[in-house]
Amino acid sequence: MRKTIPLSVIIISFTYCTQSPSPRLSDNSTTQFIDSTEMTNNFYDNTPTYQLPVSDLTVEGEIANPGKVDFHLLKKHSVIVKETLLDSTGNDKFVGAYRYDGYSLFDILENRVLQKKNAEEFNPIIDMYVEIENNKGEKVVFSWGEIFYPNVLHRILIADGVSRIVPSKTNDLWELPVESRIVAANDLITERNISSPVRITVRSFPKSFVVVKGMSPMFSNQVNLFTSGAPCGSLTDYPAGSTEITFNTIFYGRGRGIHSTEPFTGVMLRDILAGTYPVSRENLQKGIMCISAEDGYRSALSWSELFNRNDQQEILLVKTAPGEDGGLFRIFPACDFFSDRAIKSVKEIHLGY
């Protein structure tokens with residue numbers, strides 16, 4: 001597997017079984033077709049689907065309508081994943097390939113009414129995130145943006161069904177989980193796939209910034225870096241040896257619509273920040289980041305969303321022309337459908353938990 005960052009942490013324990021649980025039919029079908037002889041071109045229906053018992057799940061936090069999730073009201077989605085964890089030496093360890101069926105965080109949170117604690121200071125929703133925990137005390141975070149803004153929706157599930165994706169020549173029967181789980185299908189290292197989630201807490205990033213609406217011209221001559229509120233570095237230029245890449249895009253905002261069709265050229269932000277915010281189990285699961293601008297505009301993103309992608313839809317740090325309004329640096333999130341998290345005049349980057 002291609003390494004993008006050094007690994008130096010201990011593997012999290014997941015519950016799997018060596019013997020398969022009883023297969024079950026999908027909740028919204030009367031039969032399950034198992035294409036064991038590969039009569040069709042679908043590679044992902046060749047083995048039985050097994051039930052994963054789902055715990056009661058509640059949603060709370062900065063919302064006006066907290067309460068229990070009624071899964072019967074939600075549509076089923078499916079994702080295919082290659083699960084990989086961290087072993088005792090900090091290297092990648094392949095676990096198995098699966099199709100998971102379940103309920104997306106998008107659908108679970110779609111009708112929750114946000115009640116932001118910081119709405120008076122900053123009304124946009126892009127500094128929101130969710131914390132998900134289970135009865136074992138494990139917690140993981142997802143930014144509001146990676147749930148509601150990605151180019152491909154419904155990639156984060158609460159899974160209640162699993163099927164192996166078995167290689168046709170080796171017939172490897174990957175061990176099956178026995179509990180429902182979060183499935184983050186865009187993660188390279190799947191440490192956020194914790195079992196039996198019971199609580200989702202909606203939060204806004206817990207830091208205040210001075211907001212100056214309509215600032216023009218706007219310019220920040222450096223980016224200050226922080227971990228848990230403590231300074232840990234700064235950026236005034238691309239690091240030596242950095243390689244720029246160009247992404248072609250349709251730059252489209254949720255409010256103002258089309259901005260441009262011009263490409264963005266910059267350096268992958270994860271490469272620049274990897275030494276400052278290195279991989280760890282805590283960062284993979286619970287790291288939540290906030291990028292703020294000179295005028296106080298800001299957005300949240302999870303550590304995994306930035307550093308731990310398997311879809312190559314990277315986030316760029318773009319250096320502007322000398323003296324350009326909106327400089328010195330701006331962010332381009334190639335993973336997003338909307339342009340709202342494309343921060344101009346980046347002033348600070350924070351990592352918290």
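In this structure T243 satisfies the side chain to side chain donor-acceptor pair (under 3.5 Å) test with no other residue, sequence neighbours excluded. Listed by chain and residue number, E131 satisfy the side chain to side chain donor-acceptor pair (under 3.5 Å) test with R203 (two or more places apart in sequence, or in another chain).
For F209 and Y297, the distance between ring centers is not under 6.0 angstrom. Separation of the F106 and F148 ring centroids falls under the 6.0 Å cut-off.
Salt bridge R99/D101: present, at least one basic N to carboxylate O contact under 4.0 Å. A salt bridge links R192 with E146: at least one charged nitrogen is closer than 4.0 Å to a carboxylate oxygen. A salt bridge links K116 with D127: the distance from a Lys NZ or Arg NE/NH1/NH2 to an Asp or Glu carboxylate oxygen falls below 4.0 Å. E314 and R270 are joined by a salt bridge, as a carboxylate oxygen and a charged side-chain nitrogen come within less than 4.0 angstrom of each other. Salt bridge absent: R281 and E191 never bring a charged side-chain N and a carboxylate O closer than 4.0 Å.
Annotation: cation-pi geometry not satisfied between R298 and F205 (NZ/CZ under 6.0 angstrom from ring centroid, within 45° of ring axis).
Ring-plane geometry between H77 and H154 is classed as parallel, the angle between the planes falling under 30 degrees on a 0 to 90 degree scale with a further cut at 60. In this structure, Y103 and F71 have tilted ring planes: the angle between them lies in the 30° to 60° band. Ring geometry, F329 versus Y238: the interplanar angle falls from 30° to 60°, so the pair is classed tilted.
In summary, of the residues considered (L73, V69, I158, L74), a side chain to side chain contact (heavy atoms under 4.5 Å, CB included) with D107 occurs for L74 alone. In summary, of the residues considered (I108, V141, L109), a side chain to side chain contact (heavy atoms under 4.5 Å, CB included) with V130 occurs for L109 alone.
Side chains of K136 and S195: a donor-acceptor N/O pair is present below 3.5 angstrom, by distance only. For the residue pair E83/Y100, the side-chain donor-acceptor check at 3.5 Å is satisfied.
N193 places a side-chain N or O within 3.5 Å of a backbone atom of A184 that can act as its donor or acceptor partner.
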